[in-house]
Asks: 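Structure in structure tokens, see below.
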Amino acid sequence: MNPANLPFDSEAMLEGLRSWVECESPTWDAGAVNRMLDIAARDMAIMGATIERIAGRQGFGGVIRARFPHPKQGEPGILIAGHMDTVHPVGTIEKLKWRREGNKCYGPGIYDMKGGNYLSLEAIRQLARASFTTPLPITVLFTPDEEVGTPSTRDIIEAEAARNKYVLVPEPGRPDNGVTTGRYAIARFNLEATGRPSHAGATLSAGRSAIREMARQILAIDAMTTEDCTFSVGVVHGGQWVNCVATTATGEALSMAKRQADLDRGVERMLALSGTSNDVAFKVTRGVTRPVWEPDAGTMALYEKARGIAKSLGAELPHASSGGGSDGNFTGAMGIPTLDGLGVRGGNGHTLEEFIEVDSLVERGRLMAGLLATLE
């Protein structure tokens, strides 16, 4: 089976993808994410898949697991793992409208990662239309909480990955048309400052500002960044009344490292910031963590298979480890051959200029089809 001969059509793919992108699905809106999962479940049901809905927990949306018909159904096969949540709040579609400009198409979540999820289903659809039976059964798992570290579904992802021989992750492709064969370790932290209230006008000096302490600690956290381990604060909340010295302030921080040992040292440094200064208590607690994923022989053999397919399609396929986490961190760290970054090319993820390169829908769709058709 030559994937180059499959009749992928970028315009038809865009038409199908549009309904996905215009169904906004920010992580913290479980109802919105579930509406997106409903659309994907319906599309896969039409394709003949058996759909299982797994209820959400911890305030997040649910999970969709789709198993496609296969003579070896139930045996270890290929898991396609993707997330349907985005960072864009409902209403972003009014600022980041679906629009096509030459080879670019814009929309919230189109790049990270609805485009990759959609082309994965198109690859399955094209193989089915060609009456081609893949050597291994295919399972698709769509989850609701990757953008916040996968706190509610890591166990499901790992359990499903353990039942399969390979994991394919259609997160965005690398700018050089490459794929991802490893990812850095990531830790999240919750920050809390507790001060003493007073009237900001009449008795300012009697108070101890939690906001001031949070600001001091933010600068200290940023200053901890090195080439081996980065630190940043991305969320801050504090105060309620401008005429009151703030009693509490909260925040969230992120640390990322190429090696697990560097991240472990970074975690120790973050936790050591807890204490009391100038009558203000500062507390750091650890949040969700993604383990480092370093490529092993299984992952590199999977990559070589993909590189050969790409070459047959007339394209180079470089690889590298990537910053930014994905659910591939979990499956790769488990030792299951995992190939990430199989999704669309594009850019400006997590911004109001998020776009994909339209021609990558077909190119990456054929690459995905080639993998599904040859992995055994």
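Counting from 1, the numbers follow the sequence of the chain as shown.
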Asks: Go through the structure and list residues passing salt bridge (Lys or Arg N to Asp or Glu O under 4.0 Å) with Glu75, not counting sequence neighbours.
Replies: none

Asks: In terms of ring plane angle, is the pair Trp20 and Tyr118 parallel, tilted or perpendicular, where the classes change at 30° and 60°?
Replies: perpendicular

Asks: Got a salt bridge between Glu353 and Arg99, using NZ or NE/NH1/NH2 to carboxylate O under 4.0 Å?
Replies: yes

Asks: Do Ser120 and Arg364 meet the criterion of a side-chain donor-acceptor pair at a distance under 3.5 Å?
Replies: no

Asks: To the nearest 0.5 Å, what is the distance between CD on Glu192 and CD on Gln217?
Replies: 13.0 Å

Asks: Side-chain polar contacts of residues 307-315 - donor-acceptor pairs under 3.5 angstrom, sequence neighbours left out - could you list them?
Replies:
{"residue": "Arg307", "atom": "NE", "partner": "Glu304", "partner atom": "OE1", "Å": "3.1"}
{"residue": "Arg307", "atom": "NH2", "partner": "Glu304", "partner atom": "OE1", "Å": "3.0"}
{"residue": "Ser312", "atom": "OG", "partner": "Ile309", "partner atom": "O", "Å": "2.6"}

Asks: Quick one: closest heavy-atom pair of Ala40 and Met84, and the distance?
Replies: CB-CE, 3.9 Å

Asks: Using distance alone, with no hydrogens and no angle criterion, decide if Asp85 and Thr27 have a side-chain donor and acceptor under 3.5 Å apart.
Replies: yes

Asks: Atom OG1 in Thr181, atom CG in Leu302: separation rounded to 0.5 Å?
Replies: 10.0 Å

Asks: In chain order, what residues pass the salt bridge (Lys or Arg N to Asp or Glu O under 4.0 Å) check against Asp264, with sequence neighbours excluded?
Replies: none

Asks: Verify the distance criterion only: is there a donor paired with an acceptor across the side chains of Ser321 and Arg183 at less than 3.5 Å?
Replies: no

Asks: Looking at CG of Leu342 and CG of Leu119, how far apart are the two atoms once the value is rounded to the nearest 0.5 Å?
Replies: 8.5 Å

Asks: Can you tell me how far apart CZ (Arg290) and CD (Gln260) are? Round to the nearest 0.5 Å.
Replies: 13.0 Å

